[in-house]
Amino acid sequence: EDQVTQSPEALRLQEGESSSLNCSYTVSGLRGLFWYRQDPGKGPEFLFTLYSAGEEKEKERLKATLTKKESFLHITAPKPEDSATYLCAVLTGGGNKLTFGTGTQLKVEL
Amino acid sequence: EPEVTQTPSHQVTQMGQEVILRCVPISNHLYFYWYRQILGQKVEFLVSFYNNEISEKSEIFDDQFSVERPDGSNFTLKIRSTKLEDSAMYFCASRSASEQYFGPGTRLTVT
């Protein structure tokens, strides 16, 4: 069974304090790893898709990287508006479903 | 920017009633999905739909649930005989080759 584990569960940062979120996975046949941002009461907002070990993608203050066992979401100089829950999900097998982790709840304070 | 839309945003129903949740996926996408998220829990896959048929479904998606694409734009999830434990956020999603976009969700409350 595919498993996705995210850590930490919650993270509190000061504005400008860079950090990384971790997503480790155990799957049979990774076809893609997705990162989403989710605000309270809203749907997941697509950020990145990574396909192979060594791949990196960037968007504003966010950079996602992928190895054979885990992915990192690096947040550089975060701002309060980056506060949200960040979700990791894997697309496997027939490629017809995403399996999600439980997320990391990020709070960035002034 | 194209987006997935869902209606209604909030649905309250009594136990045992039937509800239909509606979605309009992104127009050039071919894969459509329903997921749900119980309050405080992770997002769970329910069903995927491709080429006018179900391509995969989870254990949650039993005979109580059905999906339909009645026309070229809408994608619906029907829940029959709702139970208290069906209360959750239901998200529709659609996928291109590399990106899967979610709608804003329908909050279903079963009383």
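Being a predicted model, the structure only gives us computed values, none of them experimental. Worth knowing before you read on, the calculation uses all heavy atoms, side chains too, and leaves out hydrogens, waters and symmetry mates. Numbered from 1 within each chain, the chains take letters A, B, ... in sequence-line order.
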Query - Top of B:Phe102, B:Tyr101, B:Phe91 for chain A proximity - count of heavy-atom pairs under 4.5 angstrom - result: B:Phe102
Report task. Would you mind checking which part of A:Tyr36 comes under 4.5 Å of any heavy atom in chain B, side chain (CB onward), backbone (N, CA, C, O), both or neither? Result -> side chain
**Report entry** Contact origin within A:Glu45 toward chain B - heavy atom pairs under 4.5 Å
**Finding:** neither
Report summary line: Of the listed A:Thr85, A:Leu87, A:Leu98, the one with the largest count of heavy-atom pairs under 4.5 Å with chain B is A:Leu98
Requested in this report: Could you check if a side-chain atom of B:Cys23 sits within less than 4.5 angstrom of a side-chain atom of B:Thr5, using non-hydrogen atoms only?
Outcome: no
Query - Partner of A:Arg12 by side chain to side chain contact (heavy atoms under 4.5 Å, CB included), out of A:Glu109, A:Gln105, A:Glu17 - result: A:Glu109
Report summary line: Okay, B:Phe49 and chain A: the region with an atom under 4.5 Å from a heavy atom over there is neither
Requested in this report: Against chain A, work out which of B:Ser55, B:Gly105, B:Ser58 has the most heavy-atom pairs shorter than 4.5 Å and name it.
Outcome: B:Ser55
Query raised in the report: Can you check whether A:Tyr86's main-chain N or O pairs, donor with acceptor, with A:Gln6's side chain at less than 3.5 Å?
Result: yes
Query raised in the report: Are any of the side-chain heavy atoms of A:Phe72 and A:Leu21 separated by less than 4.5 Å?
Result: no
Query raised in the report: Between A:Gly32, A:Pro44, A:Gly41, which has the largest tally of heavy atom pairs under 4.5 Å with chain B?
Result: A:Pro44
Report task. Give, as side chain, backbone, both or neither, the part of B:Gln37 having an atom under 4.5 angstrom from any heavy atom of chain A. Result -> side chain
Requested in this report: Tell me, yes or no, whether the heavy-atom count around B:Glu59 atom CD, taken from other residues, nucleotides or ligands under 6.0 Å, exceeds 12.
Outcome: no
Query - Main-chain N/O of B:Leu77 paired to B:Glu68 side chain as donor or acceptor, under 3.5 Å - result: no
